[in-house]
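Letters A, B, ... mirror the listed sequences (proteins, then strands); counts begin at 1.
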Number of protein chains: 2
Amino acid sequence: MGKNLVGNHIRKLRFNQDEMTQLQLADKAGVTRQTIVALEKGNYSPSLELAFRIAHVFELPLEEVFFYGDNPKQ
Amino acid sequence: MGKNLVGNHIRKLRFNQDEMTQLQLADKAGVTRQTIVALEKGNYSPSLELAFRIAHVFELPLEEVFFYGDNPKQ
DNA sequence: TATTAATGTAAAGTATTATTGACATTAAGT
DNA sequence: ACTTAATGTCAATAATACTTTACATTAATA
């Protein structure tokens, strides 16, 4: 569906929260490290299901991890 | 990624809010009617991007339209 | 009863997301 | 210098989301 309009704070959260590595996050979210890399780079937006799982790893509401457009919640 | 673990309140919201038809919602969200049908039926979960767009049509936070697992927010 | 709008269903094709495997780079520690 | 952990990247494939087209059913209304 065209270019990616969804942004995220994954990288920031990995460091802020727990010093979690890409691999640790990938494991907890049930995906491969490559998927985390691609998401951090903004290559594409995840499925809704994966977005929920990642938000759950960070124990945050989905919309504090992912945002639509170029207006992160803050 | 296996079976669909994401649920939604799309059908309910279409009626509660505006008596919006599947086609109207589809147009506003920028997808085809078949996509709305499939989502209402729970055939699959949308991309995160589409989830944001649908939530935006209803003027609701994403997590009031979509939920993970079988625990809708209420 | 003919028409129209809304909905359901199905199959084939395209686009996007995610995996797998492999190799390169950087920084830290021994 | 060597090793190891973390990250970046690339290409091929698999899996899933979405489109397109087409036809069926139901309910409302002229």
Side-chain angles (χ1 to χ4, degrees), chain A residues 1-58 60-70 72, chain B residues 1-58 60-70 72:
Chain A
M1 308 178 52
K3 70 193 256 303
N4 181 21
L5 293 174
V6 175
N8 68 73
H9 300 299
I10 293 177
R11 195 175 184 88
K12 216 178 308 171
L13 288 167
R14 271 203 305 120
F15 290 100
N16 288 359
Q17 289 224 345
D18 251 333
E19 287 292 334
M20 210 182 307
T21 68
Q22 291 176 334
L23 183 57
Q24 289 172 325
L25 173 55
D27 287 345
K28 291 187 185 185
V31 291
T32 64
R33 190 175 64 84
Q34 309 308 329
T35 297
I36 302 300
V37 173
L39 292 178
E40 288 191 357
K41 282 189 58 188
N43 284 358
Y44 52 73
S45 64
S47 66
L48 179 56
E49 187 172 335
L50 176 53
F52 270 119
R53 294 207 307 268
I54 291 176
H56 182 254
V57 170
F58 290 123
L60 287 174
L62 190 149
E63 290 179 274
E64 286 184 31
V65 182
F66 299 93
F67 53 91
Y68 188 68
D70 30 311
Chain B
M1 310 180 49
K3 69 192 254 307
N4 181 22
L5 293 173
V6 175
N8 68 73
H9 299 299
I10 293 178
R11 195 174 184 89
K12 217 177 310 172
L13 289 167
R14 273 202 303 120
F15 290 101
N16 289 358
Q17 289 224 345
D18 250 333
E19 288 292 334
M20 209 182 308
T21 68
Q22 291 176 334
L23 183 56
Q24 288 171 326
L25 173 56
D27 287 344
K28 290 188 186 186
V31 291
T32 64
R33 189 175 65 86
Q34 307 310 327
T35 298
I36 302 300
V37 172
L39 293 177
E40 288 191 358
K41 281 189 56 185
N43 284 356
Y44 50 72
S45 63
S47 66
L48 178 56
E49 187 172 334
L50 176 54
F52 270 119
R53 293 208 307 268
I54 291 175
H56 182 255
V57 170
F58 290 124
L60 287 174
L62 189 148
E63 290 180 272
E64 287 184 31
V65 182
F66 299 93
F67 53 91
Y68 189 68
D70 31 312

Undergrad: Does Val37(A) or Ser45(B) map to a spot on DNA chain D nearer the 5' end, using the closest nucleotide for each?
TA: Val37(A)
Undergrad: Checking all strands, does Thr21(A) fall into the base, sugar-phosphate, or nothing category for heavy-atom contacts under 4.0 angstrom?
TA: sugar-phosphate
Undergrad: Looking at residues at least two apart in the chain, or sitting in another chain, which of them share a side chain to side chain contact (heavy atoms under 4.5 Å, CB included) with Asn43(A)?
TA: Ala38(A), Lys41(A)
Undergrad: Rounded off to whole Å, could you give me the CD-to-P distance for the Gln24(A) and dT7(D) pair?
TA: 9 Å
Undergrad: According to the Watson-Crick and G-U wobble definition with distances under 3.5 Å, which dot-bracket string, read 5' to 3', encodes DNA chain C, using [ ] for crossing pairs and | for pairs with another strand?
TA: ||||||||||||||||||||||||||||||
Undergrad: Counting side-chain heavy atoms from C-beta on, which of dT20(D), dG8(D), dG8(C) comes nearest to Gln22(A)?
TA: dG8(D)
Undergrad: To the nearest angstrom, how far is Ile36(B) atom CD1 from dA6(C) atom P?
TA: 15 Å
Undergrad: Strictly under 3.5 Å: I want the nitrogen or oxygen pairs between protein and nucleotides 21-27 of chain D, one per line.
TA:
| unit_1 | atom_1 | unit_2 | atom_2 | d |
| --- | --- | --- | --- | --- |
| dA22(D) | N6 | Gln34(B) | NE2 | 3.4 |

Undergrad: Ignoring hydrogens and angles, tell me if any N or O in the side chain of Gln22(A) forms a donor-acceptor pair with the backbone of Val37(A) under 3.5 Å.
TA: no
Undergrad: From the options dT7(C), dT19(D), dA18(C), select the nucleotide whose nearest atom is closest to the side chain of Arg14(B).
TA: dT7(C)
Undergrad: Picking from dT9(C), dA17(D), dA18(C), which would you name as closest to the side chain of Lys41(B)?
TA: dT9(C)
Undergrad: To the nearest angstrom, how far is Asn4(B) atom CG from dA15(D) atom C1'?
TA: 14 Å
Undergrad: If the condition is salt bridge (Lys or Arg N to Asp or Glu O under 4.0 Å), which residues does Arg11(B) pass it with, not counting sequence neighbours?
TA: Glu40(B)
Undergrad: Of the nucleotides dA18(C), dT7(C), dC18(D), which has the atom closest to the Leu50(B) side chain?
TA: dC18(D)
Undergrad: Take atom CD of Glu19(A) and atom P of dT7(D), then tell me their distance rounded to the nearest Å.
TA: 9 Å
Undergrad: For Thr21(B), give me all partners under side chain to side chain donor-acceptor pair (under 3.5 Å), at least two apart in sequence or on another chain.
TA: none
Undergrad: Quick one: closest heavy-atom pair of Pro46(A) and Ala51(A), and the distance?
TA: CG-CB, 4.1 Å
Undergrad: By the ring-ring contact (aromatic ring centres under 6.0 Å, His included) test, which pairs, at least two apart or in different chains, include something from residues 32-53 of chain B?
TA: Tyr68(A)-Phe52(B)
